[in-house]
Amino acid sequence: MAGMNMRDSTRPRQAAAEIKTILGRRFMVGQAARDHHSRDESWHEPAMPEAVCQVESVSEVSQVVSICHRYRIPVIPFGAGSGCEGGVIATSGGFAIDLAQMNRILEVNNEDADCRVQAGVTRQQLNRYLRDSGLFFPVDPGAEATFGGMAATRASGTNAVRYGTMRENVLSLTAVMADGSVIRTGQRARKSSAGYDLTRLLIGSEGTLGIIVELVLRLCGRPEAIAAAMVSFPDVDTAVHSAIQTIQCGIPVARVELINAAQMHAINRYSKTSYPEQASLIMEFQGSALAVEEQARTVAEICRDAGGSDFRWSANEDERRQLWHARHMAAYASMAMRPNSKALSTDVCVPISRLAECIRQTQADLDRNCDLPTFILGHVGDGNFHCVMLIDPESAAERSQAAGISERLSARAIAMDGTCTGEHGIGIGKREYLEQEFGIEAIAVMRAIKSALDPQHIMNPGKVLLPCAPHG
């Protein structure tokens, strides 16, 4: 086990020998396996773990973590690797715990509209399984992410304006804690006032407090009718104001997505579509056939009065799927505009009343200070948007330029009573903004929680909070 980042190289060798007796060939030290687990979708510098533990059960996770706890080996939970802030990068070495094979749907309770799944189950996998049940899981981050990763980062996505985020759609969790013990954070009841809310504590903790291994999820009934709409605007500002007015009028729109002209051009090139290359809103309406039609007509009037044009809506499933597929491919469409680049995707969220102002100031910052290919898109129905910048990963100047834009955007959002991350999480990319957002007193509480639950600081060290010395 050459190259361990820990001072005593005998400890990782001893830990490796014990874990190998449990996992056999699923304890992997080969270059390819370690390299695959060294990165996510972010622009951050990869760092390889010293080994990969491919687990298949809660018991195996518990045993592996218990051994790592005894030998003080860092552990990094790994799902699909689709994160955007370096949350799975092994910055302190250690062992990656790959949960992708824990992908069983354990139970579905149709009458209660909930289900229990292992952490490696993906969103699309579950919805395929539920196809004939009349139920579906609504949180849609775009990527084919695992539920463990989605809960760990408190993910949301296009449906959040109507259905909420992972925080609202997880009823309880099973998690393996830093010493290898297994806890269950709740039952299947839709509400409870019993004890501390450990479910919400672990959601968004990014593997720094425990490893999520099972989840009880809230399911929703499939609507009778669904329609998608697209409308073009002369500029982003007008599009955002139309989205704000739609929400403020109380129209129960399911999705409201903003795409600027540059992003629409990239989508057309990548997806071979021919949408108008202007600032646009993509929306979805759900309900009865009559309600969907009424919502579409009302929103069409709002957009037309604001200066929108070419409002098109359709309940045709093929047309709707094509439109949302193009939207979900937006990140890849962006990167295709500059081959071999890396995308730095910002992710802020502000009160919806400040959204137009935040985007306007961000665009002005880009115009003054950025000569990189840039794209703006977002889930504007809940005040969340992304600015994507394509950088040459070998160029220190470009990395610095993009990081400066991201830093100013985070500060801008926080100053507007918003947050530096609406859904991507903190990872290693946004740790420095937490004190600005919460204050030193709140950060001290977070550190106290971390130290109480993980006194040796082996659980995904260096993520969320800036590193500090372990206890003991």
Side-chain angles (χ1 to χ4, degrees), residues 79 83 105 107-117 119 121-124 126-127 130 133-143 145-175 184-207 209-210 212 214-223 226 247 250-257 284-287 347-352 355 378-385 417-426:
I105 298 167
E107 61 178 297
V108 175
N109 304 291
N110 287 54
E111 291 183 351
D112 295 319
D114 65 42
C115 67
R116 183 166 62 93
V117 301
V121 172
T122 66
R123 174 185 61 86
Q124 292 181 15
L126 176 61
N127 281 331
L130 295 170
S133 70
L135 300 169
F136 79 111
F137 184 77
V139 180
D140 176 9
T146 63
F147 281 114
M150 288 169 64
T153 55
R154 204 182 302 141
S156 55
T158 59
N159 274 326
V161 65
R162 177 163 182 168
Y163 294 101
T165 72
M166 287 298 287
R167 181 181 61 190
E168 290 77 36
N169 288 282
V170 177
L171 297 175
S172 67
L173 300 167
T174 301
R184 185 176 177 183
T185 65
Q187 309 281 33
R188 291 197 298 119
R190 288 300 174 111
K191 65 178 183 179
S192 171
S193 57
Y196 298 131
D197 193 344
L198 299 180
T199 304
R200 291 345 180 253
L201 178 63
L202 288 171
I203 292 175
S205 65
E206 302 186 35
L209 302 179
I212 297 169
E214 289 182 9
L215 308 90
V216 176
L217 303 171
R218 183 194 308 265
L219 302 176
C220 297
R222 291 187 182 276
I226 305 175
I247 301 300
I251 298 168
V253 62
R255 311 191 206 195
V256 188
E257 296 291 296
E284 187 167 280
F285 311 106
Q286 300 178 1
D347 165 43
V348 299
C349 189
V350 296
I352 194 169
L355 180 60
H379 320 306
V380 292
D382 50 19
N384 182 202
F385 76 96
D417 282 334
T419 177
C420 65
T421 175
E423 58 187 8
H424 288 172
I426 294 295

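Positions are given from 1, in the same order as the sequence printed here.
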task: For residues 107-117, pull every pair meeting salt bridge (Lys or Arg N to Asp or Glu O under 4.0 Å), keeping only residues two or more places apart or in separate chains.
output: E107-R116, D112-R188, D114-R188, R116-E214

message: Strictly distance-based, threshold 3.5 Å: is any side-chain N or O of T421 a donor or acceptor partner for the main-chain N or O of H424?
response: yes

- line: Sorted by chain and number, sequence neighbours left out, salt bridge (Lys or Arg N to Asp or Glu O under 4.0 Å) with E257 holds for R327

field: T158: side-chain hydrogen bond (donor to acceptor under 3.5 Å, both in side chains) partners, not counting sequence neighbours
entry: D140, R255

field: Qualifying ring-ring contact (aromatic ring centres under 6.0 Å, His included) pairs, either residue in residues 146-175, two or more places apart
entry: F136-Y163, F137-F147

query: Can you name the residues that form a side-chain hydrogen bond (donor to acceptor under 3.5 Å, both in side chains) with T174, not counting sequence neighbours?
result: none

message: With a 4.5 Å cut-off on side-chain heavy atoms, are L126 and I105 touching?
response: yes

message: Taking side-chain contact (heavy atoms from CB on, under 4.5 Å) as the definition, give me every residue that meets it alongside E423, ordered by chain and number, with sequence neighbours left out.
response: S156, D347, H379, N384, H386

- prompt: Excluding sequence neighbours, so at least two apart, what forms side-chain contact (heavy atoms from CB on, under 4.5 Å) with R162?
  reply: A254, Q286

query: Would you say V139 and N159 make side-chain contact, with heavy atoms under 4.5 Å?
result: no

query: Quick one: side-chain hydrogen bond (donor to acceptor under 3.5 Å, both in side chains) partners of T122, sequence neighbours excluded?
result: E144

Listed once per pair and sorted, the salt bridge (Lys or Arg N to Asp or Glu O under 4.0 Å) pairs that draw on residues 190-202, sequence neighbours left out: D197-R200

statement: The side-chain contact (heavy atoms from CB on, under 4.5 Å) partners of Q187 (sequence neighbours excluded) come to R184

- request: Search all heavy atoms of A175 against all heavy atoms of L202 and return the closest pair with its distance.
  value: CB-CD1, 3.6 Å

- request: With sequence neighbours excluded, tell me which residues meet side-chain contact (heavy atoms from CB on, under 4.5 Å) with V161.
  value: I247

